[in-house]
**Student:** 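Pasting a structure here, questions to come.
Residue numbers start from 1 in every chain, and the chains themselves are labelled A, B, ... in the order their sequence lines are given, proteins ahead of strands.
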Amino acid sequence: MNTLLWGALPYVAFALLVTGLVWRHRYDTFGWTTRSSEIYESRLLSLASPVFHYGILFVLAGHLLGLFVPASWTDAIGVDEHVYHLFSLIGGTLAGLLAITGIALLVYRRRTNAPVLLATTRNDKFMYVLLVGEIAMGMYAKVTNSSFSSGYDYRTTIAPWARSLFTLDPRTDLMTGAPLTYRIHAVLGMILIAVVPYTRLVHMFSAPVQYLFRPYIVYRSRGPLTEQPRPRGWERLDA
Amino acid sequence: MRVLAQVAMVMNLDKCIGCHTCSVTCKQTWTNRSGMEYAWFNNVETRPGQGYPRRWQDQEKWRGGWRLNRRGRLTLRAGSRVARLANIFANPVLPGIKDYYEPWTYDYRNLVNAPLGEDYPVAEPRSLLTGKPMKIEWSANWDDDLGGSVEHGDADPLVVRARAQGEQAAEKVRAAFEQTFMFYLPRICEHCLNPSCVASCPSGAIYKREEDGIVLVDQDHCRGWRQCVTGCPYKKIYFNHRTGKAEKCTFCYPRIEVGLPTVCSETCVGRLRYLGVVLYDADAVTAAASVPEDRDLYEAQLGVFLDPEDPEVRRAAERDGVAHDWIEAARRSPVHALVSRYRVALPLHPEYRTMPMVWYIPPLSPVVEALTETGFDGEDAGNLFGAIDTLRIPVEYLAGLFTAGDPAPVRASLEKLAAMRAHMRAVNLGEAESGSPSEAADAVGMTGRGIEEMYRLLAVAKYEERYVIPTAAMGEARRLEESALPAECSLDHDGGPGMGGEGIGTGGPGPFGEDSGRRRLPLVSLENFHALRRRQTGDDEAQR
Ligand code: SF4
Ligand code: SF4
């Protein structure tokens, strides 16, 4: 079980993520969109959506910091465990609260606004449950395992495990000691990573940073006037 | 100098009867799908009026197009790139569906399924967004023909501006607008030279085609960030709320590529649309769009266009890869003639600084009408010139639409149209010789011949003169035809179904009767490009 969850699942999730992205890019670039519903309702969205997105971006930054920056590095710049813990507790909880409030408002909007509800697919509903569950679980794990004086130090267990994944030598033993809530959070997280390309969440991978660097006006050539190979499913019948 | 070609359009507003045929045929061709119910790539609005979407011209509110920043450089009115990205999670100035209208259908089933009863069954309107019964309160042309303009009169941003200017009594303005002034403004995407929709797309999915200047959205790369809807000051990008992608007028590029006019032009009842190639200097666009004064933008844009008669320009065009037949087409282009040679066509809202490429000949008819009503000869040049000036409100209103408020170019254009009427009347009544100068022509600085050529283009031009569209590649034209067709039309085949005989491939009547056996019936459309063109351009009934 241990090996399965902490040695195999991460790689499966990662493989699903990568293959999913490649598949989506090749066969469903047309479906790769935010599917925004702002045109139906914008008052609530204009508050909830930025709150959620900025919250979740902070959360993401926090996770990267916590998992992939070893404690020795922060020690080296003079940040000891207690200071780090306070920073992660307060900063992380605030970011998490932003994300949770945002998504709660967004779900409320989705439920109460008829056109938005009608535009919600089953895939979306599944994704929302997973996403809300994951964020809530993370908050719960953090808050129940911490107080201001001390807290669970995941940087001695979860973080080294996460880093060991990259050396293809997963130290599954480290995870057995982690509190149950953290472990559930991690499993849910891996599932979430695996399903991203198959849901609307895929839009996170098209964050348009290149916009900052390109010229304003884009010219493109029509290209040579040869008949393009037809995409699968659109071949001529030649009746 | 970098010469590029652009397929552009001119509309002669005098002739628009507001029949909406263009809108409907465009819709049937491009947007009759779910998610695009509210999208009108071509719409016709009554002026004065709010337009579609409501009050789209109010850029204080919608923040479309460009403005000059403190250093005099062009920047998007909606904000810098960083600001756009920071706002990407919720676009603060996106028109909602209510600014367009809530699309609906009718519950027709009720007409047949309703139980027998006292009342006549009705088909109730149902919202296409929620599926619930709804009250229809607004749509794309709710204020058509000034309908409800007493209620909504103040909603036209240009009327508001015209009233604020000077000390005219509000009542007089209102009467003038309602009684003597109303015209239609058909609008499509302007396929701008400096398109702000392209500039505001974070994904880089919107692009301008190098060959013909058509602005398109790459559906595979659009990620639904909705910034272009805000960026376009003409509000001609629509967000497909089912697919989550932006869509816009395509200038019917598949038709243009094979030399056919756009659907809106093809079907226009008033035959008021002109299509043709314009050559322009791509390197000069940004500078021209950044002139400090809004009123100079019209002249600045004229300065970007190149004269295809100039051998220097033609050489540069060849060098920059503009196809030879495109350069030739530019010389015959009706758009070039109306825009640069006669200078009667004007751009729509040049002050948005996008350098629009659908230009308009301002309507003279309200002036003529008003004059005739007062008992004067509405076609006499002297009277007309005077009237154009005294009817200051319409000219100011038109200037608000076409020249950033500068009445001079509008007046010049209207005077040329008036002179044309007077000159042609003189010629028709035998008072003047055709081709020779007349008083009216002199007054607007045109020669008799010039004015008659302009008259020809505006009044009698046939299909081939109104639409001068080089195909995407002359040499390759045949390959572009429907490739499933045999070299000749199968119906012309001796003994083919068209000849009333047996079908091809049956080898004559078989032993099991005519309908038996495997027939190779042509399953593809039987019309090819040449046949279509013959049918559509032939003046002779028999050719059709
Ligand atoms: S009018 Fe057309 S080309 Fe110009 S900004 Fe709008 S969508 Fe873009
Ligand atoms: S079809 Fe022609 S005449 Fe009719 S509304 Fe459209 S532009 Fe005007």
**Student:** Using heavy-atom distances under 4.5 Å, tell me whether A:S221 contacts chain B through its side chain, its backbone, both, or neither.
**Tutor:**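 For A:S221, the contact with chain B is made by backbone and side chain together.
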**Student:** Please classify the contact of B:D212 with chain A as side chain, backbone, both or neither, using a heavy-atom distance under 4.5 Å.
**Tutor:**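 Looking at B:D212, just its side chain touches chain A.
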**Student:** Under a 4.5 Å cut-off applied to non-hydrogen side-chain atoms, are A:S37 and A:R109 in contact?
**Tutor:**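 Counting from C-beta outward, A:S37 and A:R109 do come under 4.5 Å.
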**Student:** Is it the backbone or the side chain of B:V229 that comes under 4.5 Å from a heavy atom of chain A, or both, or neither?
**Tutor:** neither
**Student:** Between the side chains of A:S36 and B:R226, is a donor N or O closer than 3.5 angstrom to an acceptor N or O?
**Tutor:** yes
**Student:** Do A:R110 and A:T120 have side-chain atoms, one donor and one acceptor, less than 3.5 Å apart?
**Tutor:** yes
**Student:** Where does B:R209 contact chain A at under 4.5 Å (heavy atoms): side chain, backbone, both or neither?
**Tutor:**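 For B:R209, the contact with chain A is made by backbone and side chain together.
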**Student:** Side chain, backbone, both or neither: which part of B:C197 has a non-hydrogen atom closer than 4.5 Å to chain A?
**Tutor:**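 Contact with chain A involves no heavy atom of B:C197 at all.
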**Student:** Just by distance, no angles: are the side chains of A:S88 and A:K142 close enough, under 3.5 Å, to form a donor-acceptor pair?
**Tutor:** yes
**Student:** Does either side chain, that of A:E41 or that of A:N113, offer a donor lying less than 3.5 Å from an acceptor on the other one?
**Tutor:**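 Short answer, no.
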**Student:** Check whether A:L44 gets within reach of chain B through its side chain, its backbone, both or neither, counting any heavy atom under 4.5 Å.
**Tutor:**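 No part of it gets close to chain B.
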**Student:** So which of A:A114, A:S206, A:P50 has the largest heavy-atom pair count under 4.5 angstrom toward chain B?
**Tutor:** A:S206
**Student:** May I ask you to check whether A:N145 and A:T181 show a side-chain donor-acceptor distance below 3.5 Å?
**Tutor:** yes
**Student:** Chain A heavy atoms under 4.5 Å from B:Y238: which part of the residue, side chain, backbone, both or neither?
**Tutor:**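 No part of B:Y238 comes within 4.5 Å of chain A.
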**Student:** Is it the backbone or the side chain of B:L76 that comes under 4.5 Å from a heavy atom of chain A, or both, or neither?
**Tutor:** both
